[in-house]
There are 2 protein chains.
Amino acid sequence: MRKISDSTIRRLSVYLRFLEQAKSPTISSGELARLGGTTSAQVRKDLSFFGSFGKRGLGYSVPELTRRIRDILGLERGYRVVLVGAGRMGGALVQYHGFRQRGFHITAIYDQDSRKIGSRWNGLVVRDVKHLETDLKKDPSDIAIVATPAESAQHVVDRLVRSGVKAILNFAPVPLNVPPDVEVKTVNMALELETLSYSLANR
Amino acid sequence: MRKISDSTIRRLSVYLRFLEQAKSPTISSGELARLGGTTSAQVRKDLSFFGSFGKRGLGYSVPELTRRIRDILGLERGYRVVLVGAGRMGGALVQYHGFRQRGFHITAIYDQDSRKIGSRWNGLVVRDVKHLETDLKKDPSDIAIVATPAESAQHVVDRLVRSGVKAILNFAPVPLNVPPDVEVKTVNMALELETLSYSLANR
DNA sequence: CCCCCATTGTGAAATAGTTCACAATGCGGA
DNA sequence: TCCGCATTGTGAACTATTTCACAATGGGGG
Ligand SMILES: NC(=O)c1ccc[n+]([C@@H]2O[C@H](COP(=O)([O-])OP(=O)(O)OC[C@H]3O[C@@H](n4cnc5c(N)ncnc54)[C@H](O)[C@@H]3O)[C@@H](O)[C@H]2O)c1
Ligand SMILES: NC(=O)c1ccc[n+]([C@@H]2O[C@H](COP(=O)([O-])OP(=O)(O)OC[C@H]3O[C@@H](n4cnc5c(N)ncnc54)[C@H](O)[C@@H]3O)[C@@H](O)[C@H]2O)c1
């Protein structure tokens, strides 16, 4: 498969959200573009990397395109997700329904702090992080969310990688080192605020 | 000023974080690159858009480069930030110290829910969102964080824009329409998980 | 049955971003 | 003082992404 850019994948994800809300049976690239804040040529180009799903003169069948994009993104299967770090951010994430709706199921929560271990969070008992490796050996997980302080993030990630986790969503504001077969996405909110600061300073 | 790419600004922000932690008095582009996960040429190119801050043969003075980047990003001043939406995500954000450390001060919290209005959050009383416009007229704010459900986000943003807010950090998973002089950054975590899903599905 | 038209799919052109490669240069040591 | 060397700053080359523009075509109406 030829290399598809990250921006294309992100846009597919945006199109998918609108397709799931669409009420008409078909939709044109122009309409999808308007909703997703891009251009119709961009929509068609993005889709063209994966095949040709539309009908000329008509547009795209909403149910079919929905299915195709879900398939491209690998969303037809569900994912087991473990969360490490039962702090404030972890708490917000565990209770968030948007993830589950899209097929990402948080199946375990780990922390280091004895005051948190054993407490029940949204139906899950917070486990001691020392069980991370043995638990993952029993019940493997493809995806982990890291919501520990920055200092522990790399150490936690090393342990996750050794336990076979192949994709990590990281909330700690540090770049993480992982082997090339592991994918990391870091959500760095302070950095987003700083790009806003830059745009305020330069107008 | 010529157009600087978003990726350059984000990298500057990453370099800044390492400069603030550096212990040696100087640092080379190669070292910054290693820490920030990029290349030395990229570091030098990024900086060259704004001037020449290094010494050939030596590298960059850590305190000077720190100051320069803070200045470029507009971080020398502090920012007043209002938060709209006192839910789980809003709660995590209010308590987060990382923002304040970098000069972003949450000065007011708004919600619609009468059960939340009046409660004290980290020293701030949650206010009824109906006061948003009058409060902002009295105490303007450059930056707002939107952490309401997706359905209300556009409406809240319209009100913020009318009240003179010029930069918005949005956590609701919808693209927002704003006039061209207002900058919006959307943090879309479900979308990040979906890019991870794509990478798991395609290996 | 055939024409019209909206809209796709896609090479080619344009633009944006990254990497290369090397001359310029400041510093430390002889 | 002068040499050697590490490292910057930057055009130029390269690579990636977006936009353009138009031929191809499916469907609906006459
Ligand atoms: N709260 C926010 O709004 C926010 C915003 C941006 C970024 N972040 C980042 O998200 C991360 C978590 O933030 P938070 O506010 O939830 O912090 P927090 O201190 O509330 O929670 C961190 C949790 O991680 C646990 N922990 C520490 N070391 C651990 C380890 N080795 N293994 C397992 N658990 C461990 C702690 O016991 C704690 O419960 C931090 O890196 C922070 O910088 C948070
Ligand atoms: N919690 C998470 O981990 C998470 C993750 C990703 C995205 N998000 C997004 O962040 C946003 C907030 O999520 P949450 O989990 O905190 O939801 P939440 O329901 O806990 O909180 C939302 C808050 O917004 C308030 N609100 C609703 N309409 C309002 C209005 N018009 N003006 C002011 N306040 C209003 C509600 O009263 C509530 O207190 C949502 O858009 C959600 O999709 C949350």
Side-chain angles (χ1 to χ4, degrees), chain A residues 1-15 18-19 22 24-69 72 175 195 198-199 202, chain B residues 1-15 18-19 22 24-69 72 175 195 198-199 202:
Chain A
M1 170 174 296
R2 95 175 140 311
K3 183 60 175 36
I4 306 295
S5 77
D6 194 58
S7 18
T8 288
I9 301 304
R10 301 171 79 88
R11 281 189 300 265
L12 288 182
S13 190
V14 171
Y15 307 152
F18 290 110
L19 287 166
S24 51
T26 66
I27 194 165
S28 69
S29 58
E31 180 65 3
L32 261 184
R34 195 182 57 74
L35 294 167
T38 180
T39 65
S40 63
Q42 183 75 80
V43 171
R44 295 198 301 278
K45 183 64 91 178
D46 286 339
L47 295 173
S48 78
F49 295 130
F50 300 96
S52 76
F53 310 132
K55 289 210 176 27
R56 294 170 193 236
L58 236 201
Y60 301 87
S61 147
V62 168
E64 193 203 331
L65 189 56
T66 304
R67 196 158 6 90
R68 292 306 196 95
I69 295 183
I72 292 163
T195 68
Y198 173 79
S199 75
N202 295 276
Chain B
M1 170 174 295
R2 91 174 142 312
K3 185 56 175 37
I4 305 295
S5 78
D6 195 60
S7 18
T8 288
I9 301 303
R10 298 172 80 88
R11 282 189 300 264
L12 288 182
S13 190
V14 171
Y15 307 152
F18 290 110
L19 286 167
S24 50
T26 64
I27 194 165
S28 69
S29 56
E31 179 66 1
L32 263 183
R34 196 182 55 75
L35 293 167
T38 180
T39 65
S40 64
Q42 184 74 81
V43 171
R44 297 198 299 278
K45 183 62 93 179
D46 286 339
L47 295 173
S48 77
F49 294 132
F50 299 97
S52 77
F53 309 132
K55 290 214 178 21
R56 290 169 196 240
L58 236 200
Y60 301 88
S61 146
V62 169
E64 193 202 331
L65 188 57
T66 304
R67 198 157 6 90
R68 293 306 197 95
I69 296 183
I72 292 163
T195 67
Y198 173 79
S199 76
N202 295 276

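Quick note on labels: first sequence line is chain A, next is B, and so on, each numbered from 1.
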Quiz item: What integer distance in Å separates A:Asp6:CG from C:dG17:C1'?
Solution: 15 Å
Practice problem: Mind calculating the distance between CD1 (B:Ile27) and P (D:dA6) to the nearest angstrom? | Solution: 18 Å
Practice problem: Name the residue closer to the 5' end of DNA chain D, choosing between A:Ser7 and A:Leu58 according to the nucleotide with the nearest heavy atom. | Solution: A:Ser7
Practice problem: Side chain of B:Arg44 only, please: which of D:dT18, D:dA24, C:dC22 is the nearest? | Solution: C:dC22
Quiz item: C:dG9 C1' sits how many Å from A:Leu47 CG, rounded?
Solution: 10 Å
Practice problem: Determine whether any donor atom in the side chain of A:Arg56 lies under 3.5 Å from an acceptor atom in the base of C:dT7, or the reverse, and answer yes or no. | Solution: no
Quiz prompt | Gap separating the NZ atom of B:Lys3 from the OG1 atom of B:Thr8, nearest 0.5 angstrom | solution = 9.5 Å
Quiz item: Which listed nucleotide (D:dT7, D:dA21, D:dT10) is nearest to the side chain of B:Ser28?
Solution: D:dT7
Exercise. Output yes when at least one side-chain N/O atom of B:Ser29 is less than 4.0 Å from OP1 or OP2 of D:dT7, else no.
Key: no
Quiz item: Just wondering, do A:Leu65 and A:Leu47 contact through their side chains at under 4.5 Å, heavy atoms?
Solution: yes
Quiz item: Does A:Ser52 make a side-chain N or O approach to OP1 or OP2 of C:dG9 shorter than 4.0 Å?
Solution: yes
Quiz item: Between atom CD in B:Glu31 and atom C1' in D:dT7, what is the gap in whole Å?
Solution: 14 Å
Self-check item: Option among A:Leu35, A:Ile27, A:Thr38 that satisfies the side chain to side chain contact (heavy atoms under 4.5 Å, CB included) test with A:Tyr15
Solution: A:Thr38
Practice problem: Ignoring backbone atoms, establish whether A:Tyr60 has a side-chain N or O less than 4.0 Å from OP1 or OP2 of C:dG9. | Solution: yes
Exercise. Whole angstrom is fine here: how far is it from NZ in B:Lys55 over to P in D:dG9?
Key: 10 Å
Quiz item: At under 4.0 Å between heavy atoms, what does A:Thr8 touch on the DNA or RNA strands: base, sugar-phosphate, or nothing?
Solution: nothing
Self-check item: Rounded distance in Å - NZ (A:Lys45) to P (D:dC22)
Solution: 15 Å
Self-check item: Basic-acidic side-chain contact under 4.0 Å: A:Arg67, A:Glu64
Solution: no
Practice problem: Take the protein atom CD of A:Gln42 and the nucleotide atom C1' of D:dA16, then report the distance between them rounded to whole Å. | Solution: 12 Å
Quiz item: Could you state the interatomic distance from CD (A:Gln42) to NZ (A:Lys45), rounded to the nearest 0.5 Å?
Solution: 9.5 Å
Self-check item: Separation of atom CZ in A:Phe53 from atom C1' in C:dT8, rounded to whole Å
Solution: 13 Å
